[in-house]
Structure formats: C-alpha cells, structure tokens
Amino acid sequence: MQDTLQIAGIAAQSAGLLVLFLHWRAKRGLGAVTLVLGWTLVALGAIPWLLSVSPERGLAIAMLAPMASGLLLLAPDGLSRLGNGAKPKKERGVDPATALEPETATQGRLSRNVARWIGSVIAAPALALAAAAAWQAFVPGAIADRVAFSILVLMIVWTAALLWLLSTMRPWIAAALITIAAFGLGAGAHAFVTGGAA
Amino acid sequence: MAQPIWPRVPPSFVKGQLIAHKLLGLTLAAVMYLVCITGAIAVFYGEFERWEQPGVPEMSYASPEAVGRAVAHARAHIAESGAAPAEVYVITPSAEMPRLLIDYETDVLAFDSNGAYAGTGAHELTHFLTELHYALHLPWQIGFITVGILGVLLVALIVGGALALPRMFRDAFTLRLDGGRRLSRVDIHNRLAVWGLPFHLLVAASGAVMGVAMVAIAVAGPMLFKGDAARAMAAIYGDPAAIAEQAHQGGPPPTSVAPEPQIVAALHSLARERPDNPPIYMALNQFNTPNEIVSIGAGHADRLIYSETYRFDSSGALMSADGYAEGETGRQIMASMFRIHAGAFGGMTVKLLYLALGLALSFICTTGVDIWLAKSAARGRFYPRLQSTWTAFVWATPAMLALAGALHLMWGAPPVTVFWSGLLALSLMGVWTPQTIVHWLAPLLAGVMVLTLPAAHALQFGANAAAAVALAINLSFVAVACGLIALAVRNRYRRAVTPSLAETPPLAAPQ
C-alpha cells in the first residue's frame, strides 16, 4: 500500500511537470489554470512521502522526483534541435540570462575590484561572524538551538553580503557599510555578554 | 512560449548579479569542481569501502556476544601494538555496511559473524577520496572549515545564479543544442542549475553547516560561556567527565574477558529498550582508561538524523540519549545534515540520483568557465592556454583519482602524493599543449586511467574482485572508461569541423 501510494506520488509529480512542459511548449501557453494545475500536481505528489515517513525525510525524497523529471523533459527540446542539421543556428537575441555580460572596462575598475576583494575576504566574513555571535548573544533559547541557528544566520548573512559586494558598482561603500555593521553587531554582542545579560 | 510567472527584475539588478556570479564562479571554479566531483563519487563511500576489501566477511546481523568477542580481541590487539587511541569505533552490521569492523586511529580490523578476527578491513582509498572532498587533504580541522566556507560560497553562487536568471521558468525546458557551442553551453549550464537547484542548495547548505559548525562553537565560547570553549563543546556534545561519572554508578569498569560483558549487555539493553532502533556503530570513548564510555549510535528509519547516541553505564544498562532524535530542534537539524548531504536516506535510487545531480553540479562548474572563455573570445580576447589548462585540469582530476587508486592497490603507493603531483603535472602540460589536442587526448587519458582501476583490483584480489558489490563497481569503472574513450574519439573526429570555445570567431566585431 505504502509503495503504491509513493509510486502514485511520483506519477503525480511527473504528470505535473509534464503539464508545465506542455504549457511551456504551447506558443501562447495553456492559461493560468493549467499552470496552477501543474504546480498543484507537483505539490500533491509530495504528500505520500510526507505521510509515510517523517516530514523532513519525506520532503527530501519528494524533491528528487520533480528534479529528475524536469531534467528528463529537457530531452524533447534538446533532441529535436539536434536533428536540425550539423550547421548551428546563428546565435540570437540578447538575453540577460545568457549574456553573462562582463563589466565594461570603465575608469575605476581596478579600484572597484580591489574593494570587492577586500570586502569579500575580510568584511563579509567578519559581518557573518558578528551576526552569528549576535544571534547567540541576543536570541533566547536552548544552547544547542542558539548555536545551530547561528550557523544558518552566518551562512545567510555571508551570502547576502557577498552578493551585494560583488554586484554593486559602488563596492567601496558596500565594503565600508558591511565593516561598520560587523563592528556594530560584534561590539553590541560583546557589550551585551560582558554586561552579564546572556 | 508561455507567459513568465517570475516577477520582472530590473536589468541593472540582473547585470549586477551576473557580475557577482562571474567573479565568484571564476575565482572558485577549480576548487569547487574538485569538491563537487569527489562529493558526487563519494556518495558511494560505503560501497567503495566494501570494494576496497572484497574478501571481508559480510553479514546482516552479528549477535551481541560476537561483537563482545570482537571488542575483546581488538582491545588485546591494540594493547599489543602499543597504540593508544582515544576513541575506538565498532561498526556493527547494517544494510549500509553489512560488516563487523573495529576502527581506530591507525587500523581497521574485520571480524566474521562469530566475532573471530578475519583480517584487515582498512580502506585507505575511500579515506583518500572522502578526505579530499571534505578537507582537500589539509589538516582536518583547517580543511573541514575551509570546505565549509566553500559551501557557504557555493550557496552564494547558487543564489546569485538564480537571481541572475529572470527567465528561469520561461526557459525551463529550453535546450538550444543547435545554437552554437557557446549558446548550447549556456543553456546546459542554466538548465542543469535550475532543475538541480533544490538539490544543489541543500547539498551546499548542509556541507556548509557541517563545516562551519566548529566556527559557531568557537564563537559560542566567548558569547555563552565567558570564553570557556570546553564548556561550549560540553553543552553541545555532552560533558565526558560527567558522563563517565554517571557511567561508573553501574559498577566496576569493563574487563577484558571475551565476550566483554559491558558490550554484550549494552547491545542487549538497546535491543530490549529500543527495538526499532538497530545499532549502526558503537563508540568507546576514552578507550582503555578508567573513564571509558560506551555509547551506541542507533538508526531511526523514518528520520533524516544519522543516528541517536545512546549512552550506557558500566554494567551495560541504558543511561541516557544525546537528544538528536527527540531533543532541541537545533540538535536535530545538526544531526540531519550528513544524510541530506550524502544522500544516505533512500537507498540506492537516491544515491544514483545524488550521483547524477552531483556530476551535474561538477559539469556546471566546468561549463561556467567555458562560457566565460567563449564570451571573452567573442569579444576578441583569446585565452587559448588558459582554456587548454582548464580542460587538462578537468579531465586530469578523474584520471588521477583513478591512477592514484590503481597504484595504491598494486604497490601501496601513497594516493595523496600521487594524486596531487599528477594533477599538477597534467594541468601544467595543458599550458603547452594546444586545445585541439587536449580536447580529445585528455578524455582519452582519463578513460585509460579509469580502466587501470578495475584491472588493478582484479589483479590484486582475483576471484574476490567479482564479489557482488566489487563486481558492480568494477563494471561501472569499465563503463565509465568506455564512455570517456568514446567521447575522446568523438572529439577527435568532430575537432575537424568545430573550433574550440576560446577560438570561436567573434559574432560581432569587438569595439
């Protein structure tokens, strides 16, 4: 019974992906209802896993089927284009997603890159550490929870700081602000702890 | 095509994220590729351990008495050898590892189902592979934290890459293999990244959490325990002195008679009080000291936690649990990271999916650099030596993993030295070898070197190389080698009609 349910779940998720694929293939789409139906099937297909094993394990397994189905559904487009002949089509269009446009060689590029390096290597990790420390100091709860969640905080803050630093055209300002925030958070956490409140 | 359902993102934001993705990706490509490809292969670490010692007896169950006899033998063996390990681990037979092994600092001892010594169970090659993945062969604490930081940076790469794809859903099924080498690479890179996104994010985040946990605990010392790092460790993992004191209340310390009564009693206690949680391993902490502590890591079939740790007193009675299964949320999250990261939660199907998605992530690393090279070439900036070196490095990695393994199997050559020196030499050869040659020669060499591994295994172990798991792995190596050689032949043939990425003529005249 359990296996049947789980196979039904995988089938539902794959069917959902197929609906999304058909929606994508239609020139003007198949409408919002189809789109919602596709995503609903993907979500509903996860239920047997969530019910038959623990939620976290069920979720982990339930995510794998759509990923595999999605990759398999790339085949129709890829294979049909392979049959178009040996001569490749002329590359078209300017798609921001495919452009990977490098920064143009403008004045101050070296300075910006220096700021990015300094910020990435020193400021972003410092802010991440300060945020983890502040979480441990300020957030109430069991020790294990405070430490475990501080790791997630560290990861999120580091990621956000890094992406901001590397993507902005004013990395010196970003690096300075991140450094100030790191000092502020770190000093605040230290003062809070040495004050005996933790 | 379908209407986009992703909110419209300002082009300047997308451009910024593309720059961030490019800078981060190019900086980390090589080391990220190493970590990703070894991680994808290391999903099968249990199978590799069995392949490495194919003659070791396998069983689905070993009685507590058999385990007790094995521990008594190991205790005597360790005393004779003069070793003084702080911890000794007893791996009890389970579906994941159907063997009875005792693992300590310098050796692994294998036993049969009666607990009689059956030879060595050492698996240095598997350690070589897994330690390359989680520590890059650096001293383990430095390496573990370094790879943890790489996990954080991989999260940033994945998030940044997703933010840079405003047409993520609109192009979800597009694969323009006819769009020229550059566009096809971009599509492969983006589609693999998008469909593998949940997996890539989970694997990167779980690796990061495991790697930087030590940093968080180091921070917890000054933040929560007035600078006392030992108390921070004790709060997370338990206080060894307090546990030992509690354990002493059960009676006198363990004796060395066979089977060891404390071991037998502990396993019986677990079976009686936790019948649904079979043992995976037994840890003997502070080994051979008056404060020796016995704990058993037991599986919880429906959960993602690796195991719950049950502690036993010196009479073998169940004393406490560490709370990974039912304790604080943070403890449960930490204990779940390994199975999520290694794909050890759904049998062989999940492992194969992890292998495929892990290889996809490795491929994403390589195509990222390829795309940059092609874009540069399109703007009139050619880096032919960089491209040939990168291609050489990419193929040299699996080649040297295989060759290091084969040389170790045949003559006991140190795999770490062979791997790194070979990887460096082959990558450097790419500097002076034209891409037109590297393009087909590198996969050919990789295929041939992969082929040496099952050959060396068969020569070394004879009929045992055809044992169930060993045969499956050896046949997989042969299949991979054939695939690589076929790819080399294809590249050699197609080279005549297709220019390399870095030499693609510019689409428009560069300004």
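What you see is a predicted model; the values in this text were computed from it and never measured. Letters A, B, ... are given to chains in the order of the sequence lines, protein chains preceding strands, and every chain is numbered from 1.
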Approximate separation, where rounding is to 0.5 Å, of B/Met214 CE and A/Ile151 CD1
10.5 Å
Quick one: pull up CE in B/Met223 and CZ in A/Arg146 and give me the separation to the nearest 0.5 Å.
11.0 Å
When only pairs under 4.5 Å are counted, which of B/Pro222, B/Ala205, B/Ala208 shares the most heavy-atom pairs with chain A?
B/Ala205
Within residues 120-135 of chain A, the residues sitting under 4.5 Å from chain B by heavy atom, in sequence order, are A/Leu129, A/Ala133
Residue pair B/Ala216 / A/Gln136: nearest heavy atoms and the distance that separates them
O-NE2, 3.1 Å
Can you say whether B/Leu357 sits under 4.5 Å from chain A via the side chain, the backbone, both, or neither, judging by heavy atoms?
side chain
Give, as side chain, backbone, both or neither, the part of B/Ala356 having an atom under 4.5 angstrom from any heavy atom of chain A.
neither
Any non-hydrogen side-chain atom of A/Met155 less than 4.5 Å from a side-chain atom of B/Val209?
yes
Among the options A/Ala144, A/Gly70, A/Ala148, pick out the one with the most heavy-atom pairs lying under 4.5 Å from chain B.
A/Gly70
Applying ring pair (Phe, Tyr, Trp, His ring centres under 6.0 Å) to A/Phe183 and not counting sequence neighbours gives none
Gap between atom OG of A/Ser167 and atom CG of B/Leu24 - 0.5 Å precision
11.0 Å
Please determine, among B/Ser12, B/Pro198, B/Gly196, the option with the most heavy-atom pairs under 4.5 Å with chain A.
B/Pro198
Where on A/Pro66 is there a heavy atom nearer than 4.5 Å to chain B: the side chain, the backbone, both, or neither?
backbone
Could you list which of residues 347-355 of chain B have a heavy atom closer than 4.5 Å to any heavy atom of chain A, in residue-number order?
B/Val350, B/Leu353, B/Tyr354
What residues of residues 157-165 of chain A sit under 4.5 Å from chain B when you count only heavy atoms?
A/Trp158, A/Thr159, A/Leu162, A/Leu163
Residue A/Phe149 versus chain B: region with a heavy atom under 4.5 Å:
side chain
Go through the atoms of A/Ile156 and report whether side chain, backbone, both or neither lie under 4.5 Å from a heavy atom of chain B.
neither
Rounded distance (nearest 0.5 Å) linking atom CG of A/Leu74 with atom OG1 of B/Thr174:
8.5 Å
I need the residue from A/Leu154, A/Leu152, A/Val147 with the largest number of non-hydrogen atom pairs under 4.5 Å to chain B.
A/Val147
Contact origin within A/Leu72 toward chain B - heavy atom pairs under 4.5 Å
neither
Taking the side chain as C-beta and beyond, is there a heavy-atom pair between B/Phe225 and A/Val193 under 4.5 Å?
no
Side chain to side chain, A/Asp145 and B/Ile333, heavy atoms closer than 4.5 Å:
no
Please classify the contact between B/Phe13 and chain A as side chain, backbone, both or neither, with a heavy-atom cut-off of under 4.5 Å.
neither
Is it the backbone or the side chain of B/Val194 that comes under 4.5 Å from a heavy atom of chain A, or both, or neither?
neither
Determine whether B/Trp195 and A/Met67 make a side-chain contact, defined as any pair of heavy atoms from C-beta on separated by less than 4.5 Å.
no
Please look at B/Leu202 and chain A and tell me whether the side chain, the backbone, both or neither of the residue comes under 4.5 angstrom of a heavy atom of that chain.
side chain
For A/Trp117 and B/Thr27, work out which heavy atoms get closest and say how close.
CH2-CG2, 3.5 Å
Gap between atom CD of B/Gln17 and atom CG of A/Leu166 - 0.5 Å precision
9.0 Å
